2 protein chains.
Amino acid sequence: MTVTLDPTDWLILAELQRDGRVPFTELGRRVSLSASAVTERVRRLEAEGVITGYRADVDLAKAGFAVLAVVRLKYPGSRHEPLHRLLGERSEILECLRTTGDDCYTLKVAATSMPHLERLVDELAGFGSTTTSIVYSQTLPYRGPGLRNATPS
Amino acid sequence: MTVTLDPTDWLILAELQRDGRVPFTELGRRVSLSASAVTERVRRLEAEGVITGYRADVDLAKAGFAVLAVVRLKYPGSRHEPLHRLLGERSEILECLRTTGDDCYTLKVAATSMPHLERLVDELAGFGSTTTSIVYSQTLPYRGPGLRNATPS
DNA sequence: GGTTTGGCCGGTAATTCGCCGGTATATTCG
DNA sequence: CGAATATACCGGCGAATTACCGGCCAAACC
């Protein structure tokens with residue numbers, strides 16, 4: 001399950017999380033390795049599932065989604081398929097974490113306006129009671145989930 | 001501030017969020033455009049700040065971070081610099097949203113173990129009262145923040 | 001001590017990138 | 001209304017990068 005990673009692997013991961021499109025030749029330069037060696041390592045990380053993919057980060061506000069919100073959902077039932085179906089349909093739901101505690105789900109949603117957010121929350125409220133917080137600002141903007149520059153301590 | 005995007009731009013954004021390393025020639029094929037035209041559009045999206053970068057997605061569990069948690073932080077003071085400094089130092093803090101409501105900050109943190117998480121929460125508790133929930137599972141895994149396939153409605 | 005294994009290097013062919021001018025359509029302005 | 005400009009697209013070219021290959025070296029293993 002867990003993959004053993006040496007310090008060079010962590011360097012590679014940090015670089016690729018900072019710039020997922022850096023050429024292998026430049027990446028090799030940064031981690032003091034040849035292009036072919038670094039390619040081999042990246043391919044191995046991909047094959048082992050440590051790197052699951054590469055994504056472009058989008059500035060949601062610039063793209064027209066002015067409102068970002070955290071919605072906590074207290075979901076009384078045990079049938080989760082309808083909620084999962086909604087997640088697949090509503091691309092405004094950016095993230096969905098199922099957690100311990102009183103609020104079973106923590107969602108991050110993007111909306112173009114307050115009425116838009118209201119509709120989204122209403123849809124979610126069909127599943128259970130919701131607690132919605134508007135996001136003022138997001139620190140570590142658009143780093144996405146991941147690690148930046150450290151090994152597990 | 002807001003950039004106007006036509007349907008082709010949305011297609012490009014969706015593709016790049018799904019696979020940020022797709023070659024421009026293949027990307028052009030998928031959105032029915034020539035490689036040079038699609039390159040021009042992507043460069044424009046980058047220059048306008050709609051695309052803020054490209055990141056590799058890492059499977060945290062495979063990388064040794066077995067525990068994912070949501071920590072809500074009630075921060076009584078108004079001096080936010082110390083917290084922001086901590087965010088920059090502790091790369092286990094994956095995401096930090098400042099929100100309305102009783103809990104000023106909502107953080108997503110990764111830890112290698114429960115003792116590790118305990119230490120992180122203790123550090124955060126130095127700023128205010130915390131509410132921690134362990135993440136069972138993450139739906140929409142590794143799509144990262146962003147949009148998938150829809151235009152703002 | 002010989003063999004095997006794993007990781008790295010360098011070279012080469014194929015692909016892709018970055019940049020160029022040229023063209024067609026839409027827009028603006030005289 | 002017609003001409004000039006602007007915008008977006010296309011194709012092609014050289015440079016850079018990628019993918020793939022065999023060979024090398026050191027550590028591990030028998």
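In what follows, chains carry the letters A, B, and so on, assigned in the order in which the sequence lines appear, proteins first and then strands, with residues in each chain numbered from 1. This is a predicted model, so every value here is computed, not measured.
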Atom [atom1] of [X] to atom [atom2] of [N]: distance rounded to whole Å?
X      : N       : atom1 : atom2 : value
D6(A)  : dG6(C)  : CG    : P     : 15 Å
R21(B) : dT16(C) : CZ    : P     : 14 Å
R29(B) : dT16(C) : CZ    : P     : 7 Å
F24(B) : dA16(D) : CZ    : P     : 18 Å
E26(A) : dT16(C) : CD    : C1'   : 18 Å
Y54(A) : dT18(D) : OH    : P     : 11 Å

Please pick, from [options], the nucleotide with the shortest atom-to-atom distance to any side-chain atom of [X].
X      : options                   : answer
P23(A) : dT16(C), dT17(D), dC10(D) : dT17(D)
S34(A) : dC8(C), dC10(D), dT18(D)  : dC8(C)
S36(B) : dC9(C), dC19(C), dT18(D)  : dC19(C)

N-O pairing of [X] and [Y] below 4.0 Å:
X      : Y      : value
E48(A) : K62(B) : no
E26(B) : R29(B) : yes
D6(A)  : R41(A) : yes

Any side-chain heavy atom of E46(A) within less than 4.5 Å of one from Y54(A)?
->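 A side-chain contact exists here, since the closest heavy-atom pair is under 4.5 Å.
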
Between residues 40-51 of chain B and DNA chain D, which residues have a heavy-atom gap below 4.0 Å?
->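 E40(B), R41(B) - these, ordered by number, are the residues of the stretch whose heavy atoms sit under 4.0 Å from the strand.
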
If you round to the nearest 0.5 Å, how far is CG of L120(A) from OG1 of T112(A)?
->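 One gets 8.5 Å once the value is rounded to the nearest 0.5 Å.
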
Closest approach of D19(B) and R55(A), non-hydrogen atoms and distance?
-> N-NH1, 4.3 Å

